[in-house]
Amino acid sequence: MTPEDHAQAATDLLRAEETGQQIGLLSLRYPDMAMDDAYAVQSALMTHKLAQGRRVIGWKIGLTSKAMQSALKIDIPDSGILFDDMAFETGATVPQGRFIQPRIETEIAFVMKSPLGGDVTAEDIRAATDYVCPAIEILDTRILRADPDSGQARNVFDTISDNAANAGVVLGSERHGIEDFDLRWVGALTFRDDELEETGLGAGVLNDPVESVVWLARRMAQYGQKIEPGQIILSGSFIRPIECPPGTRILADFGPFGSVSVNFA
């Protein structure tokens, strides 16, 4: 792909978000697309959003479980960007039509107090973390999930280009020091409309959510980026995505770690 291709793909994704009309698979449009191309499209998308007055408030990490990596035939996570207009208060109602095909995932969020970049360690992550808290990530897709003609499903390059499918973030009100809990054993019961849909443990995220943030900081350094103080890091889901059609109510109960909820009008 050329820089012009990256810019055009980003423009198309932005228009899809604004109109609610999904675009076709970028991996079909650009059959030679590679990982660097996908992140270049994501970077071009960020440039557009910053020019619109948006502000980066953090980062999300996806594809942290073995099952999801196997399904997409990759062996590494991916990442996306959190913007200020993506943040919702716990208990908030998402307006109808805000997203195209919203889904949610349950995860542990890190909020940072110090910058991070380069060849960091787990101890560096712990030292740079202000607090951890329960979180819900809202997913959406501006790219079709499958090509209607060939049936080909979108792949990891499509997902990364589409800002790793990120659309929103909801943080719980409880805040904890990173040493207050063994994050591998922090789990959640995730309910949709009062029915238990999914359960999971933090260990589902690279065996330790801290390691997920290590991966992110190192990956960002490869692209000249770093984690800034005050930014939110969504460390990765330990449940499968849950579909959220209009009228859905979501509650993630983390037990002593807290809870977080969101509704869809």
Side-chain angles (χ1 to χ4, degrees), residues 58-72 77-80 82 86-96 98-111 131-141 145 159 164-176 178 180-213 232-265:
W59 306 83
K60 62 107 11 139
I61 309 163
L63 304 178
T64 52
S65 72
K66 293 289 187 182
M68 289 300 294
Q69 290 181 8
S70 176
L72 289 175
D78 70 357
S79 66
L82 304 178
M86 295 178 172
F88 293 87
E89 298 289 336
T90 184
T93 297
V94 177
Q96 189 168 1
R98 169 69 187 270
F99 302 122
I100 302 171
Q101 293 179 330
R103 298 179 292 167
I104 66 94
E105 292 179 334
T106 301
E107 34 200 293
I108 296 169
F110 291 64
V111 177
Y131 61 89
V132 291
C133 64
I136 288 172
E137 180 184 0
I138 302 173
L139 306 174
D140 199 13
T141 175
R145 296 188 188 181
T159 302
N166 181 248
V169 54
V170 190
L171 300 185
S173 57
E174 296 84 359
R175 300 179 176 187
H176 307 285
I178 194 169
D180 293 349
F181 286 83
D182 181 345
L183 298 183
R184 298 177 69 245
W185 286 99
V186 171
L189 310 176
T190 305
F191 296 84
R192 178 173 61 185
D193 301 333
D194 301 322
E195 182 174 342
L196 181 62
E197 289 284 337
E198 284 288 326
T199 64
L201 287 173
V205 177
L206 300 181
N207 193 38
D208 186 341
V210 172
E211 292 299 331
S212 181
V213 186
I232 301 163
I233 309 299
L234 294 178
S235 60
S237 178
F238 44 75
I239 66 167
R240 68 173 178 84
I242 298 174
E243 301 285 347
C244 294
T248 297
R249 292 175 290 109
I250 296 290
L251 168 66
D253 180 356
F254 285 72
F257 195 70
S259 65
V260 58
S261 65
V262 68
N263 308 305
F264 293 83

Considering all heavy atoms of both residues, which atom of [X] and which atom of [Y] are nearest to each other, and what is their separation?
X: Gly202; Y: Ile108; value: CA-CD1, 4.4 Å
X: Thr141; Y: Ile100; value: O-CD1, 3.7 Å
X: Val260; Y: Gly172; value: CG2-N, 3.7 Å
X: Ile104; Y: Cys244; value: CG2-SG, 3.6 Å
X: Ser212; Y: Ser235; value: OG-O, 2.6 Å
X: Leu139; Y: Pro241; value: CD1-CB, 4.1 Å

Output the distance between atom [atom1] ([X]) and atom [atom2] ([Y]), rounded to the nearest 0.5 Å.
X: Glu105; Y: Ile138; atom1: CD; atom2: CD1; value: 11.5 Å
X: Leu63; Y: Leu206; atom1: CG; atom2: CG; value: 10.5 Å
X: Ile250; Y: Phe191; atom1: CD1; atom2: CZ; value: 11.0 Å
X: Thr106; Y: Ile136; atom1: OG1; atom2: CD1; value: 5.5 Å
X: Leu82; Y: Trp59; atom1: CG; atom2: CH2; value: 9.0 Å
X: Thr190; Y: Ile242; atom1: OG1; atom2: CD1; value: 5.0 Å

Any donor-acceptor N/O pair, [X] side chain to [Y] backbone, under 3.5 Å:
X: Arg175; Y: Cys133; value: no
X: Thr90; Y: Ser261; value: yes
X: Lys60; Y: Glu137; value: no

Residue of the set Thr93, Asn263, Asp194 for which side chain to side chain donor-acceptor pair (under 3.5 Å) holds with Arg249: Asp194

Chi angles and distances behind the side chain to side chain contact (heavy atoms under 4.5 Å, CB included) call for Arg184, Asn207: CA-CA 7 Å; Arg184 298 177 69 245; Asn207 193 38; 2.9 Å; yes

Candidate pair Val170 and Phe88, rule side chain to side chain contact (heavy atoms under 4.5 Å, CB included), full reasoning: CA-CA 5 Å; Val170 190; Phe88 293 87; 4.0 Å; yes

Phe257: partners by ring pair (Phe, Tyr, Trp, His ring centres under 6.0 Å), with sequence neighbours left out: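 Expected list: His176, Phe181, Phe254.
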
Heavy atoms from other residues, nucleotides or ligands near CD of Glu243 exceed 12 (cutoff 6.0 Å):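 Counting other residues, nucleotides and ligands, CD of Glu243 exceeds 12 neighbours.
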
SB check Arg103 Glu198 (cutoff 4.0 Å):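 Salt bridge: no.
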
Residue pair Phe238 / Thr64, side-chain heavy-atom distance below 4.5 Å: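 No, their side chains stay 4.5 Å or more apart.
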
Side chain proximity check, Asn166 to Met86, heavy atoms < 4.5 angstrom: yes

Asp182: side chain to side chain donor-acceptor pair (under 3.5 Å) partners, not counting sequence neighbours: none

Non-neighbouring partners of Arg192 that pass salt bridge (Lys or Arg N to Asp or Glu O under 4.0 Å), sequence neighbours left out: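 Here the qualifying residues are Glu197.
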
